[in-house]
Amino acid sequence: ILATDIGEQVLELARAKHYAEGKVRFTKMDGFIMEGIPRAFTAAFAGFWWSHIPASRIRPFLSTLHARLEPDALVVLVDNNYVEGSSTRISRLDADGNTYQRRTLADGTTYEVMKNFPSEARLRDAVRRYAWDIDYTALRYYWCLTYRVRSA
């Protein structure tokens with residue numbers, strides 16, 4: 001298993017957990033570039049990442065990801081649904097259709113974060129050219145999209 005993140009703090013938290021000896025490797029990496037990753041993987045998992053991808057970068061991200069996956073590889077994507085009364089409200093919508101939330105830290109500092117909540121149709125449309133056996137599961141707070149990578 002190759003576990004990646006752009007943030008060293010996230011990787012440190014992950015490294016502190018217990019894993020089977022020699023089964024997990026951690027690498028700081030930009031998910032939009034994935035430099036140095038060969039086409040050798042039989043599966044990919046992206047948890048709570050999709051909602052932070054700008055609409056204009058979905059296609060390039062998927063192209064980069066699929067270039068590292070073998071034909072018939074399993075892809076699992078999981079992220080949040082927007083739930084009225086539970087989710088942080090949307091603070092704005094940009095010209096590309098990206099939505100944002102305003103978040104406040106314990107020290108009172110406020111910042112804005114991109115947080116998109118795609119529909120099932122939008123997700124299916126985004127992966128259709130790369131995928132077969134697409135399955136979407138909607139839960140109250142989360143969605144899950146799984147599919148297999150088409151042969152080139």
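Heavy atoms only: backbone and side chains are in, while hydrogens, waters and symmetry mates are out. Note that the numbering runs from 1 along the sequence shown for the chain.
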Distance-only donor-acceptor check, side chains Asp79 and Ser51, under 3.5 Å: yes
Stepwise side chain to side chain contact (heavy atoms under 4.5 Å, CB included) check, Arg129 with Leu62: CA-CA 10 Å; Arg129 71 187 297 202; Leu62 288 172; over 6 Å; no
same_hphob_cluster(Val78, Val127) at 4.5 Å side-chain heavy-atom cutoff: no
Closest contact, heavy atoms only, Thr110 versus Thr104: OG1-OG1, 3.4 Å
ILVMFWY clustering at 4.5 Å (side-chain atoms), partners of Ile6: none
Side chain to side chain contact (heavy atoms under 4.5 Å, CB included) between His52 and Val113, intermediate numbers included: CA-CA 8 Å; His52 300 290; Val113 64; 3.9 Å; yes
Ring geometry between His66 and Tyr147 (parallel below 30°, tilted from 30 to 60°, perpendicular above 60°): tilted
ILVMFWY cluster, Phe26 and Met29 together (side-chain gap under 4.5 Å): no
Within the 6.0 Å centroid threshold, strictly below: Trp49 and Phe32: yes
Donor-acceptor pair, side chain of Asn116 and main chain of Pro118, under 3.5 angstrom: no
Heavy atoms from other residues, nucleotides or ligands near CZ of Arg92 exceed 12 (cutoff 6.0 Å): yes
Option from Tyr82, Tyr136, Phe117, Phe48 for which ring pair (Phe, Tyr, Trp, His ring centres under 6.0 Å) with Tyr142 holds: Phe48
Residue Arg103 excluded, over 12 heavy atoms near CZ under 6.0 Å: yes
Verdict with reasoning, Asp125 to Arg122, per side chain to side chain contact (heavy atoms under 4.5 Å, CB included): CA-CA 5 Å; Asp125 186 54; Arg122 182 171 249 177; 5.7 Å; no
For the student: nearest non-hydrogen atoms of Gly7 and Asp5, plus distance: N-OD1, 2.7 Å
Flag if over 12 foreign heavy atoms under 6.0 Å of CZ, Arg15: yes
